[in-house]
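Residue numbering restarts at 1 for every chain, and letters A, B, ... go by the order of the sequence lines.
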Amino acid sequence: MIETDEHRLFRSSLRELFEREIQPHVDEWERAGTFPAHELFPKLGAVGLLGLEYGEAYGGMGADHSFTVVAGEELGKIDCGGVPMAIAVQMAMATPALHRYGSEDLKARYLAPAIRGEMVASIAVTEADAGSDVAGIRTRAVRDGDEWVINGSKLYITNGTQADWLCLLARTGDGGGHRDMSLIVVPTSLPGVEVSRKLEKLGMWSSDTAELSFTDVRVPVANTIGEIGRGFQQQMVQFQAERLITVYRHIGSIEQAIDRTREYLSERRAFGKPLLANQHIQFTMAELSARHDMLRHYAYAAAAGVDRGEDVTRFATIGKLIGARLQREVADTCLQFHGGIGYMAEHWTSRFYRDTRLDSIGAGADEIMLRILARMDRFSPT
Amino acid sequence: MNVVVCVKQIPDPAAPSSLDPTTHNLVRTGKLILDDSDSYGVEMALQLAGQVEGSEVTLVSMAPGGEVSGLRTALAMGAAKAILVSDDALAGSDALGTAKVLAAAIRRAQPDLVLAATESTDGYTGTLPVQVAELLGMPSVTFAKSVAVEGSKVVVERQTEAGYDEVECPLPAVVTVTAGVVEPRYPSFKGIMAAKSKPVDTLTISDLGIDPSEVGATGARQGIVQVAEAEARSAGEKVVDEGDGAQRIVAFLEQIKVI
């Protein structure tokens with residue numbers, strides 16, 4: 001990826017925005033278990049962050065994918081995982097299918113305000129009995145004239161307590177398996193949509209996560225994204241965007257963790273010399289840094305593939321798997337080398353350790369990535 | 001309304017800086033960035049221009065090597081165009097020399113209002129804007145914490161130690177703004193892309209009709225005689241609160257004449 005003056009300027013603009021509008025509030029939002037999305041998102045919308053690659057007709061920027069890489073890297077440097085994850089939901093998890101397959105009317109009513117940051121969006125796929133196995137979802141939309149009548153529940157929904165609309169995957173037919181599922185835009189203000197629980201988590205505290213229930217929720221059939229019955233396939237496309245931005249966030253978060261740890265290790269003295277004088281520490285950090293470099297260039301190759309219009313499923317799958325694992329290892333090592341202070345709740349290493357655990361589970365668990373790769377590389381029986 | 005903003009492009013304060021051992025001047029090689037203190041002037045100008053139809057914001061800067069990185073940031077915020085004066089003969093200019101150059105460039109833009117920061121983040125002389133005003137024959141109002149244009153005059157709340165003065169002044173005028181006069185916007189993706197094609201008029205001193213002997217190291221009437229290490233901060237005095245902590249702090253502040 002060639003970084004032009006425009007990339008550099010966009011990067012510094014985002015950095016300044018995050019420094020002023022997010023970083024000073026992170027501790028408070030972590031304690032609160034949520035953040036004010038309706039206050040923050042319009043500021044992100046104003047710089048174009050929430051619709052970078054989307055069409056200008058909907059207020060998008062029409063940017064190429066390399067700017068999403070820059071955005072992801074800078075999101076990864078925010079002092080918590082929760083807020084960047086919530087932003088990434090709006091950018092690349094709840095909106096890609098609507099942009100690609102949705103009707104003009106649906107895009108005008110839901111995508112454009114999401115790009116401006118005026119509406120908060122969530123992706124509602126996972127259920128209690130269907131996480132990795134998306135085809136097992138039970139939430140059902142039954143057609144009644146021009147309306148769907150939706151019943152069921154969704155779990156682990158990021159932005160779930162404050163979303164204005166959901167990109168909801170529901171069964172719309174009796175085909176079973178991958179067939180007869182549809183993505184439907186569901187406004188949360190409709191009667192029958194309830195936040196049943198706000199969920200407590202190991203990490204990502206500043207991001208609100210909810211269990212949502214749907215009781216006889218009536219939504220116009222016109223709110224279906226694209227073709228009825230193609231929801232599963234559309235969601236697979238949407239997952240890809242999610243995995244890619246997750247990798248770009250890893251590049252930023254790992255870079256920052258390594259930089260911060262280097263600084264600490266050069267200052268902290270033990271046995272009469274800086275910790276960094278210890279060869280074991282030098283070699284461990286150097287190797288993590290080397291692997292981070294590999295991840296960065298792998299991610300840049302993925303991004304270049306996106307801009308060339310290629311199928312980057314393999315890149316997204318490997319990048320997400322390896323990136324999430326490397327991030328966990330970096331978090332663990334950085335905490336270890338900080339010693340006692342690294343274990344303290346007040347220290348960044350502690351939050352980073354908690355927050356990074358999710359990325360091997362969310363956006364497709366490591367095991368799902370391996371399953372895709374095993375199939376792709378013919379390591380599973382045909 | 002034509003609003004001109006003086007913007008300085010400075011070495012990134014986050015990167016290590018150095019002084020030239022011979023001239024004692026700040027080393028300005030490498031990429032320069034928009035001085036953060038100028039972003040307030042740019043934002044103020046954009047807001048004022050936005051209130052009067054047909055208004056335009058022009059940036060004026062002097063920098064070595066045709067440097068435009070900092071100008072691009074301000075253009076991305078929304079300024080329409082820029083005038084950059086770049087000339088090897090300007091190396092070593094003092095504040096007055098710089099003021100002569102900027103005044104000549106500003107005159108070309110025929111401004112109704114000239115905005116500048118109270119001082120730059122690298123040089124800190126804080127003398128340039130009033131020198132520019134004098135050379136342009138315009139009144140100057142310094143330390144504005146709010147600026148409004150009402151017809152043919154500018155109305156300023158001028159920060160003082162005790163509070164603020166309300167000042168009115170006929171246009172055209174030079175006004176320096178403090179950090180906090182407005183909240184600078186973040187350059188948007190659209191603004192960044194638009195800035196690529198905005199005009200930057202790069203001029204030399206001969207374009208401005210300036211005699212080389214008036215500027216640069218030759219024309220400087222001010223020189224840096226000596227540079228010394230700042231005195232290391234001495235250890236503070238620890239006050240242990242034994243019920244009289246507040247009184248002891250008050251006594252200390254009185255002693256150093258802060259209160």
Which atom names give the shortest non-hydrogen contact between [X] and [Y], and what distance separates them?
X: S188(B); Y: A46(A); answer: CB-O, 3.5 Å
X: T73(B); Y: L9(A); answer: OG1-CD1, 3.2 Å
X: S13(A); Y: P187(B); answer: OG-O, 2.6 Å

### Query
Who in residues 49-67 of chain A is close to chain B, using a strict under-4.5 Å heavy-atom cut-off?
L52(A), E56(A), G60(A), M61(A), A63(A), F67(A)
More than 12 foreign heavy atoms under 6.0 Å from [atom1] of [X]: is that the case here?
X: R20(A); atom1: CZ; result: yes
X: E39(A); atom1: CD; result: no
X: D88(B); atom1: CG; result: no
X: Q110(B); atom1: CD; result: no
X: E53(B); atom1: CD; result: no
X: E263(A); atom1: CD; result: no

### Option from K43(A), E21(A), R15(A) for which side chain to side chain donor-acceptor pair (under 3.5 Å) with Y186(B) holds
E21(A)
### Task
Indicate yes or no: at least one non-hydrogen side-chain atom of R72(B) is less than 4.5 angstrom from one of D5(A).
no
